[in-house]
Amino acid sequence: MTVKKCLFPVAGLGTRFLPVTKEIAKEMLPLVNRPIISYGVEEALGSGCEEIVMITGRAKRSIENYFDRSFELEDLLLRRGKKELYDKMIAISELAEILYIRQREPLGLGHAVLCGEPVCSSEYFGVILPDDVFIHTEPVLSQLIKVHERLGGSVIALELVSDEDVSRYGIASGVEIEPGIFRINDMIEKPKLSEAPSNYAIMGRYVLSPEIFPILHSQGTGAGGEIQLTDALRTLAKNEPVYGVVYKGRRFDCGTQKGWLSANIQLALEDPELRKMVLKVVEGK
Ligand code: UTP
């Protein structure tokens with residue numbers, strides 16, 4: 001009943017972060033000292049997943065290159081006596097088993113998940129949207145996996161958002177069966193506040209049943225003309241259990257400039273060396 005595979009849909013265009021994302025994959029932007037994507041990969045591994053499946057697109061080759069060997073660079077580092085840096089580069093390429101599948105057209109998150117069907121159709125699998133970076137004591141995916149191991153079914157991460165933010169997210173509602181755990185019975189993607197069934201927004205971590213695939217196959221487009229994962233989850237919840245977990249941790253939406261900047265500042269403040277530097281800059285000293 002555990003979860004060994006984790007899907008990373010990273011084929012989105014990143015329009016909220018233009019013009020940066022015109023040429024740079026947003027997942028490769030630095031968060032203090034390493035790319036955003038590496039935080040998600042470490043979360044998956046730290047949650048017990050052993051195989052990573054990335055759904056990539058045209059402009060995302062840099063992600064593949066980042067997790068691969070780079071013989072020229074390694075050779076140069078060795079020749080210059082930079083053994084410590086060399087070891088660091090090797091460690092990145094040995095971090096995980098990663099498989100890449102191309103989503104030919106960015107038709108939506110639901111469609112990106114469907115692209116993972118050839119490798120994820122026989123067991124429950126995790127999904128990480130790496131833009132959502134969490135500062136946590138226990139990885140958020142691991143929090144969801146624990147609920148899956150205990151109760152079975154699919155599990156989604158929930159966060160209570162303000163009225164103004166409801167229309168930016170998929171919103172879910174259900175019956176609270178334990179403190180902070182809901183059996184979900186309704187979901188709607190980017191609703192108007194008047195149509196939202198609650199203020200619980202779905203955040204970028206999931207444990208999904210492979211039964212999501214036949215649903216995605218037969219589903220048309222939804223909000224924004226995209227194939228929406230939320231719509232498929234709504235159908236899934238009618239046939240089998242879907243639980244919502246109010247995760248513990250703090251989230252940064254690194255798919256936007258403000259969220260990315262906040263995450264950089266927060267993480268720097270948590271590093272004893274960088275903290276001094278940030279406070280000095282802010283205080284103008
Ligand atoms: P977003 O809603 O953040 O869309 O996708 P986006 O295209 O990445 O960014 P904006 O909204 O234009 O700024 C949520 C997640 O789903 C992936 C994205 O890469 C991101 O991880 N996604 C989205 C795909 O893989 N394919 C798609 O067709 C759409």
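When a residue number appears, it is its place in the shown sequence, counting from 1. Values in this document were obtained by computation on a predicted structure and should not be read as measured data.
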Answer yes or no: is there a side-chain heavy-atom contact under 4.5 Å between [X] and [Y]?
X    : Y    : answer
E74  : I90  : yes
K83  : L78  : yes
K60  : E27  : yes
E240 : S209 : yes
I177 : Y243 : yes
P197 : I171 : yes
F252 : I135 : yes
N65  : S70  : no

Who pairs with F134 by ring pair (Phe, Tyr, Trp, His ring centres under 6.0 Å), at least two apart in sequence or on another chain? Y247
ILVMFWY network linking [X] to [Y], side-chain heavy atoms under 4.5 angstrom:
X    : Y    : answer
V133 : L269 : yes
V242 : L158 : yes
L7   : I202 : yes
I184 : I215 : yes
V32  : V282 : yes

Measure across [X] and [Y] and return the closest heavy-atom pair with its distance rounded to 0.1 Å.
X    : Y    : value
L144 : A157 : CD1-N, 3.9 Å
R16  : G255 : CB-O, 3.7 Å
P30  : N264 : O-ND2, 3.5 Å
Y124 : V207 : CD2-CG1, 4.2 Å
G57  : A11  : N-CB, 3.8 Å
S198 : A172 : OG-O, 2.6 Å

Within this structure, what is the [atom1]-[atom2] distance for the pair [X] and [Y], rounded to the nearest 0.5 Å?
X    : Y    : atom1 : atom2 : value
D132 : E159 : CG    : CD    : 8.0 Å
Y169 : N199 : OH    : CG    : 12.0 Å
I145 : C6   : CD1   : SG    : 7.5 Å
N33  : L274 : CG    : CG    : 8.0 Å
M277 : L279 : CE    : CG    : 9.5 Å
M89  : L76  : CE    : CG    : 12.0 Å

Strictly below 4.0 Å, N to O, side chains only: are [X] and [Y] in salt-bridge contact?
X    : Y    : result
E149 : K146 : no
E283 : K280 : no
D271 : R275 : no
E178 : R150 : yes

Tell me if the [atom1] atom of [X] is crowded by more than 12 foreign heavy atoms within 6.0 Å.
X    : atom1 : value
E270 : CD    : yes
E195 : CD    : yes
K192 : NZ    : no
K4   : NZ    : yes

Can you pull the ring pair (Phe, Tyr, Trp, His ring centres under 6.0 Å) pairs that have at least one residue in residues 171-218, sequence neighbours excluded?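 Qualifying pairs: F125-F213, F182-Y200.
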List the steps, then state whether side chain to side chain donor-acceptor pair (under 3.5 Å) holds for Q219 with T235. CA-CA 10 Å; Q219 185 183 290; T235 309; 4.8 Å; no
Q266 and R250: side-chain donor and acceptor closer than 3.5 Å?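 On atom types as modelled, these side chains qualify, holding a pair under 3.5 Å.
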Is it true that the side chains of S142 and E138 contain a donor and an acceptor less than 3.5 Å apart?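 On atom types as modelled, these side chains qualify, holding a pair under 3.5 Å.
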I'd like to know if the side chain of [X] and the backbone of [Y] have a donor-acceptor N/O pair within less than 3.5 Å.
X    : Y    : answer
H148 : G153 : yes
T21  : I24  : no
D186 : S173 : no

Would N239 and E211 count as a side chain to side chain contact (heavy atoms under 4.5 Å, CB included) here? Give the steps. CA-CA 9 Å; N239 307 332; E211 288 306 314; over 6 Å; no
With side chain to side chain contact (heavy atoms under 4.5 Å, CB included) as the criterion, how do Y100 and I55 come out once you've worked through the C-alpha distance, each side chain's angles and the decisive distance to 0.1 Å? CA-CA 6 Å; Y100 298 90; I55 310 300; over 6 Å; no
Kindly indicate, with the supporting measurements, whether the criterion side chain to side chain contact (heavy atoms under 4.5 Å, CB included) is fulfilled by F17 and T256. CA-CA 6 Å; F17 219 137; T256 67; 5.7 Å; no
Take V10 and I63, measure what side chain to side chain contact (heavy atoms under 4.5 Å, CB included) needs, and give me the verdict at the end. CA-CA 9 Å; V10 291; I63 298 178; 3.9 Å; yes
Compile the donor-acceptor pairs under 3.5 Å between side chains in residues 222-233 and protein atoms, sequence neighbours left out, one pair per line.
unit_1 : atom_1 : unit_2 : atom_2 : d
Q228   : NE2    : A223   : O      : 2.7
T230   : OG1    : E189   : OE1    : 2.4

With a 3.5 Å cut-off and sequence neighbours excluded, list the donor-acceptor pairs that the side chains of residues 35-43 form with protein atoms.
unit_1 : atom_1 : unit_2 : atom_2 : d
S38    : OG     : R34    : NH1    : 3.2
S38    : OG     : P35    : O      : 2.8
Y39    : OH     : L31    : O      : 2.7
E42    : OE1    : R34    : NH1    : 3.2
E42    : OE2    : R34    : NH1    : 3.2
E43    : OE1    : R205   : NE     : 3.1
E43    : OE1    : R205   : NH2    : 2.9
E43    : OE2    : V140   : N      : 3.4
E43    : OE2    : L141   : N      : 2.9
E43    : OE2    : R205   : NE     : 2.8

Name every donor-acceptor pair, under 3.5 Å, that has one atom in a side chain of residues 101-115 and the other anywhere in the protein, sequence neighbours excluded.
unit_1 : atom_1 : unit_2 : atom_2 : d
Q103   : NE2    : E105   : O      : 3.3
Q103   : NE2    : G108   : O      : 3.4
Q103   : NE2    : H111   : ND1    : 2.9

Side-chain cluster (under 4.5 Å, hydrophobic types only) that I188 belongs to, other residues: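 Its cluster partners, ordered by chain and number, are none at all.
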